[in-house]
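Here's the structure we're looking at; comments come further down.
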Amino acid sequence: MEKYSLIINGQKVATKRHDPVLNPANGDVVGYMPVATSANLDEAVAAARDAFSGWQETSSEQRAAACEAIAAKLEAHLEELARLLTLEQGKPLNGAGSRFEIGGAIAWTRHAASLDLPIEVLQDGPGGRIELHRKPIGVVGSITPWNWPVMIACWHVIPAIRAGNTVVIKPSPQTPLSTIRLVELINEVVPPGVVNVISGENDIGALMSSHPGIDKLTFTGSTATGKKVMSSAASTLKRLTLELGGNDVGIVLPDADPKAIAEGLFWGAFSNSGQTCAALKRLYVHDRLYDAVCDALVAFASNIPVGDGSDENSILGPLQNRAQFEIVASFVEEARQKGGRILIGGNPSNGPGHFYPITLVADVDHGCKLVDLEQFGPALPIIRYSDIGEVIRRANDNPSGLGGSVWGADLAEAKRIASALECGSVWINKHGAIQPNVPFGGIKQSGMGVEFGIDGLKEFTTAQAVFA
Ligand code: NAD
């Protein structure tokens, strides 16, 4: 099995310690992650700092061309990256799985290449000329989670370098190998030190949050860790983008067609086996069509093949790790004990692998973890309601605010309700659709700042007003 290396200043750097990375479908060793020390982190930050002086001087056209060349590299290595991602993350090659994820990484990379931040003229007249210049910040630290590791790495790294910054990325210890390979490929395009990768346990992330050589940190992960990052970034007043956990609602209105919306509801909730930040995690259904929606969802769910991600027939795979499996299993058990009716699933087999079945739980309410907290797995609570005003109040009665959706035939009414939801993105008759040209981010405790599009690119810059 391959022992991977850190990549610092364009060079592979060996570490003393390596930890095994396991395939969630069967426990096999996929490869060995290099475990960085704090000295390795210092070297990576120093390399990024040195590279910054040259990279920030490159023209916008040169950086756009570099991003285009990275996209072409990823395209040429799509199958290789997808297979490695499936082995360590567990998601199937097919469906909205690994090939889809690498395809997304390429699409976001191309879009970032196409963006630009020209000088804005704010005033030009008798009172003088005032220009707004967008400048790179310096060394960007990137910390990523294990659910969509390659795509999220590209969401962080590509706009950062497009804007003229240099990067030190730290992937999740659960899924580090595909990111290391990604950075190897990126290093075939950019000069040494522009993108460096450091892997290791969570303590390396904590060291990055307080590191004086890192000017901005972009973090995607849980709300609990995001709070720690924000607190330790305070000492150096780092710029922060935090993309954190969600507990997205879906509200089905009384005029919806249960059979027509079942597929969209299902994928809104179960894409990547529910291990998606903006997945539908609480479904509220009007009393009038509650049973019909439950039946339509069960019928759709019954036909989804779940299995080893490397099997071309699998559409959903295992959970990525045991800890997440235990969270999902315990939330479903508590819901069952509190009167939840299991419509499908709920009884995982004893392995091998972290397979948890597609699970739908009816007759649940607030006051159980499956509703109140982020389950981040393939178990959806379905809550009955009868009053629209009340359901909006309950939907918003949660600290998270990432996404939400409203399902119904009357679009004007659906939009009215959508605008009352407290979240960063809201969808009508779909859930979780994101695009490279549309800002994405959470409000409340789902984060701060946005990614994607021109607004996302600006987060990797500082503004300088020039009074000429
Ligand atoms: P996590 O918070 O456990 O870990 C995320 C990353 O932070 C990992 O790389 C980890 O090593 C690192 N880390 C751990 N402790 C740290 C510390 N003290 N300081 C700095 N870094 C530290 O999250 P996870 O379990 O990997 O990912 C799942 C979570 O991520 C879910 O809550 C999900 O909703 C969220 N997520 C959010 C988005 C979004 O865009 N809003 C996208 C994907 C995932």
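Order of appearance sets the numbers: ligands from 1, and atoms from 1 within every ligand.
- The aromatic rings of F266 and F270 lie parallel to each other, their planes meeting at an angle below 30°, with 60° marking the opposite boundary.
- Looking at ligand 1, you'll find an N or O of T144 within less than 3.5 Å of one of its N or O atoms.
- For S222, a nitrogen or oxygen atom sits less than 3.5 Å from a nitrogen or oxygen atom of ligand 1, counting backbone and side chain alike.
- For a threshold of 3.5 Å applied to N or O pairs, the pair formed by E374 and ligand 1 contains at least one separation below that value.
- For atom 1 (P) of ligand 1, a protein heavy-atom neighbour is found at a distance under 4.0 Å.
- Not a single heavy atom of G442 lies less than 4.0 angstrom from ligand 1.
- A donor-acceptor contact under 3.5 angstrom links the side chains of D248 and H431, judged on distance only.
- Checking only distances, K281 never comes within under 3.5 Å of ligand 1, N or O to N or O.
- Residues R99 and N94 approach most closely at NH1-OD1, 2.7 Å, considering heavy atoms.
- The part of V229 lying near ligand 1 is the side chain, judged by heavy-atom distances below 4.0 Å.
- Classification of the W108-W155 ring pair by plane angle, with boundaries at 30° and 60°, yields tilted.
- The option with the heavy atom closest to atom 37 (C) of ligand 1, from among S172, C277, A278, A224, is C277.
- Considering backbone and side-chain N/O of T225, one or more are found under 3.5 Å from N/O of ligand 1.
- Ion pair R181/E88 not flagged as a salt bridge, since none of the NZ, NE, NH1 or NH2 atoms sits closer than 4.0 Å to an Asp/Glu carboxylate oxygen.
- Annotation: I152 places no N or O atom under 3.5 Å from an N or O atom of ligand 1; distance criterion only.
- Counting only residues at least two apart or in different chains, salt bridge (Lys or Arg N to Asp or Glu O under 4.0 Å) contacts with residues 24-46 are absent.
- Side-chain N or O atoms of E101 include one that pairs as donor or acceptor with a backbone N or O of V150 at under 3.5 Å.
- Residue pairs meeting the salt bridge (Lys or Arg N to Asp or Glu O under 4.0 Å) criterion with at least one member in residues 226-238: none, sequence neighbours excluded.
- Near W146, meaning under 4.0 Å from any of its heavy atoms, are these atoms of ligand 1: 24 (P), 25 (O), 26 (O).
- In the candidate list T220, T179, N272, T220 is nearest to atom 5 (C) of ligand 1, counting heavy atoms.
- Nearest-residue assignment for atom 35 (C) of ligand 1 (options S209, P145, G221; heavy-atom criterion): G221.
- For ligand 1, none of its N or O atoms has an N or O atom of F440 under 3.5 Å away.
- Taking only nitrogen or oxygen atoms, main chain and side chain alike, K170 reaches within less than 3.5 Å of ligand 1.
- Aromatic ring pairs are classed by plane angle as parallel below 30°, tilted from 30° to 60° and perpendicular above 60°; the pair F325 and Y356 is perpendicular.
- Taking the centre of each ring, Y284 and W407 stay at or above the 6.0 Å mark.
- Here's the thing with E451: none of its N/O atoms is less than 3.5 angstrom from an N/O atom of ligand 1.
- Distances below 4.0 Å separate heavy atoms of I143 from the following atoms of ligand 1: 6 (C), 7 (O), 9 (O), 12 (C), 20 (C), 21 (N).
- Distances shorter than 4.0 angstrom occur between a heavy atom of F219 and an atom of ligand 1.
- Taking a 4.0 Å cut-off on heavy atoms, P173 registers as neighbouring ligand 1.
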